[in-house]
J.: 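Mind having a look at this structure? Questions to follow.
Both backbone and side-chain heavy atoms feed into the values below; hydrogens, waters and symmetry mates do not. Bear in mind the structure is a predicted one, so any value in this text is a computation, not a measurement. Each chain gets a letter, A, B and so on, in the order its sequence line appears, and its residues count up from 1.
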Number of protein chains: 2
Amino acid sequence: MKWITEEDLENISIGATLLGTGGGGDPFVGRLMALQAIQKYGPVKVLQLEELDDDALVMPVGAIGAPSVSNEKIASEEEIYGPAEVLKETFPERTQAIMPIEIGGGNSLLPIACAAKMGLPIVDADAMGRAFPESQMVTFFLKGYQPEIVAMADSQGNRVIFYPKDGEWSEKIARSITDVMGGSANMVDNVFPGKVVKECAIRGTLSLARQIGAELTNMKETTAPVERLLTRLNGFSLFEGKINHIERNVEGGFTRGRATMTGISRNKGEELELLFQNELLLAKKDGQVVASTPDLICALDYETGRPITTETLRYGARIHVIALPCDPKWRTEKGIEVAGPRYFGYQVDYQPVEELMGEKAYVL
Amino acid sequence: MKWITEEDLENISIGATLLGTGGGGDPFVGRLMALQAIQKYGPVKVLQLEELDDDALVMPVGAIGAPSVSNEKIASEEEIYGPAEVLKETFPERTQAIMPIEIGGGNSLLPIACAAKMGLPIVDADAMGRAFPESQMVTFFLKGYQPEIVAMADSQGNRVIFYPKDGEWSEKIARSITDVMGGSANMVDNVFPGKVVKECAIRGTLSLARQIGAELTNMKETTAPVERLLTRLNGFSLFEGKINHIERNVEGGFTRGRATMTGISRNKGEELELLFQNELLLAKKDGQVVASTPDLICALDYETGRPITTETLRYGARIHVIALPCDPKWRTEKGIEVAGPRYFGYQVDYQPVEELMGEKAYVL
């Protein structure tokens with residue numbers, strides 16, 4: 001992929017919603033923003049990691065806050081472009097490219113809008129390989145790189161730049177500012193030179209999102225789209241069921257909640273519970289963990305195979321829950337400490353999804 | 001006053017504690033900081049408002065948060081100097097002087113430490129003519145000037161610069177950051193060019209604080225120091241009593257509370273209630289308001305005449321409560337809207353203290 005054009009946005013949006021494990025912000029709103037920006041400013045050039053200059057800076061762009069809020073409080077232009085613009089003014093000579101901070105939902109599309117508006121290329125990579133709820137949950141942090149400068153903006157016209165002590169302070173300060181900004185804001189975090197980005201970022205994830213979207217919507221093949229996808233990504237089908245309970249709370253700048261479902265089809269008589277904090281983090285079948293963060297847990301519409309966000313899970317919906325192994329960077333001791341189930345307060349040890357599925361794995 | 005030397009600090013500290021109406025941060029800690037800085041870097045040059053260049057910038061320095069916190073969590077050098085330093089780096093050519101944001105307690109002494117360390121003069125003025133708990137309660141705001149840039153730092157090494165939409169957003173964002181920084185932080189707010197400072201600031205308040213301190217500690221005169229002071233500042237003696245109840249809560253980045261006292265001496269048989277939010281804001285004698293913000297309500301030790309802060313009010317202490325008329329800038333419609341009793345949730349209209357005292361005024 002050399003350029004992102006209008007035609008790519010739907011597929012990127014579908015693929016990123018899947019990789020976003022239910023979070024990353026609303027893909028519909030993000031897609032409209034990217035579409036409007038590309039129509040106005042033209043297609044966005046795509047850079048591979050190898051094409052980055054060692055010393056030039058990459059600006060990772062993303063929204064922060066509770067998706068329940070940002071779906072209703074649509075970001076203004078000032079909010080979307082403000083953080084990247086204020087940092088480009090700070091480093092006028094060194095800014096080379098925009099990058100999605102995470103490949104998830106709206107947060108994979110906002111950076112495209114931003115790149116189009118600012119006339120900058122976008123890097124075909126991200127810092128999570130999925131979406132995560134907290135801002136220190138990035139591969140830079142796993143390698144010991146701390147953000148030195150962070151920029152934020154809201155729709156009111158407030159702009160903030162801060163120099164955190166480290167990644168955990170960056171999350172604390174940003175979350176507190178997000179709260180006062182009304183529960184959602186946009187930010188540029190983890191600004192690093194190309195050399196560090198090449199070392200840490202997860203490569204090719206924008207292309208991957210586009211390919212996933214293309215596969216899920218390709219009706220010409222004889223095999224079912226979801227089956228093809230699981231084979232291609234070494235994923236597992238966890239459960240087919242109907243949601244019988246859903247609860248969501250907006251607290252501390254996140255949307256936290258759980259959903260339970262009763263099995264249909266081959267899962268008749270079984271129960272699945274999904275726990276989420278913006279993203280889907282833990283899946284339990286009949287009380288047993290079958291997949292957990294940092295592996296990817298994704299909910300798909302049972303009929304269409306389209307991925308859905310935690311915000312759009314609703315009572316009575318029939319869904320297909322799948323799991324994908326996360327990038328190996330997250331399966332290290334540090335990765336599990338930063339984004340494993342215990343970090344989120346779930347009293348279970350992380351086990352790779354393929355081990356959990358073991359003999360019982362039902363691969364479509 | 002052309003220079004501030006070691007010898008001036010005690011008098012400034014005493015006078016500023018009185019003008020601070022119980023708030024503005026701990027004067028003892030602030031005095032030690034200023035003393036250390038002057039011993040290390042030398043005396044601080046004092047500028048009168050007339051000496052400011054119209055285009056040069058003045059940096060108002062102050063602490064923000066709950067005094068209950070900052071008394072125990074002593075500020076580091078990084079916290080005290082960080083905000084002014086980061087702004088001086090932002091405007092290297094234009095920074096002319098430091099100014100106290102308020103003339104109250106520690107917040108009149110921290111700027112002296114900051115000026116000494118940075119080799120900058122200090123302006124003999126402030127933006128309140130007293131202390132107030134919220135950061136938009138400044139004479140700049142009354143005249144319609146909104147802060148364009150704000151800098152903050154904490155003892156952890158976190159630094160923040162923000163560009164608020166207006167003064168009320170500045171307060172909201174700063175208070176939220178203060179909370180996450182642990183309940184107290186230092187900041188530079190309301191950075192304006194000399195022309196605006198000349199128009200808005202309340203002149204001569206550092207000199208006034210020093211004079212008040214000198215008067216209260218001058219034992220050579222025949223009349224009592226407090227009596228001389230009330231005559232000189234057109235003030236009123238409100239009550240002499242013994243504290244029989246005191247309560248304080250640290251909430252939302254403030255120390256809120258109330259104290260009640262039973263009369264002694266000429267007030268025998270009467271009751272006084274004092275309400276505060278960092279600063280003393282309302283005084284009621286036997287249920288009747290006798291003084292209210294924005295007029296100054298000050299508590300003095302009954303024996304020594306030394307002013308005391310709301311943090312050091314304690315059960316059993318005998319105190320003398322006095323009131324002083326505020327600067328006329330606060331007696332406008334806008335001034336009362338911004339810092340009058342109703343803003344703080346007290347359901348009474350502001351009346352100037354001299355009207356409230358009326359015939360019954362007991363002027364010592």
J.: Taking all heavy atoms of A/W169 and all of B/V180, pick out the closest pair and write down the distance.
T.: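 Here A/W169 and B/V180 meet closest at CZ3-O, 3.4 Å.
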J.: To the nearest 0.5 Å, what is the distance between CD1 (A/I161) and OG1 (B/T90)?
T.: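 Result: 8.5 Å between the selected atoms.
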J.: Just give me the residue among B/Q156, B/M152, B/K172 that pairs up with chain A most often, heavy atom to heavy atom, under 4.5 Å.
T.: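 The candidate making the most pairs under 4.5 Å is B/Q156.
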J.: Taking atom CD as the centre, does A/E199 end up with more than 12 heavy-atom neighbours from other residues, nucleotides or ligands that are less than 6.0 angstrom away?
T.: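 For A/E199, atom CD is crowded (more than 12 foreign heavy atoms under 6.0 Å).
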J.: Taking A/N158 for its side chain and B/P164 for its backbone only, find out whether a donor-acceptor pair lies under 3.5 Å.
T.: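 No; zero donor-acceptor contacts below 3.5 Å.
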J.: So, for B/V160 and A/F162, which heavy atoms are closest and what is the spacing to 0.1 Å?
T.: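 For B/V160 and A/F162, the tightest heavy-atom pair comes out as CG2-CB, 3.5 Å.
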J.: What's the spacing between B/I177 CD1 and A/I177 CD1 if we round to 0.5 Å?
T.: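 Answer for the CD1-CD1 pair, B/I177 versus A/I177, is 4.0 Å.
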J.: I'd like to know whether CG of A/D54 has more than 12 heavy-atom contacts from other residues, nucleotides or ligands below 6.0 angstrom.
T.: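 Correct, the count exceeds 12.
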J.: Taking atom CD as the centre, does B/E333 end up with more than 12 heavy-atom neighbours from other residues, nucleotides or ligands that are less than 6.0 angstrom away?
T.: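 Check fails, neighbour count at 12 or below.
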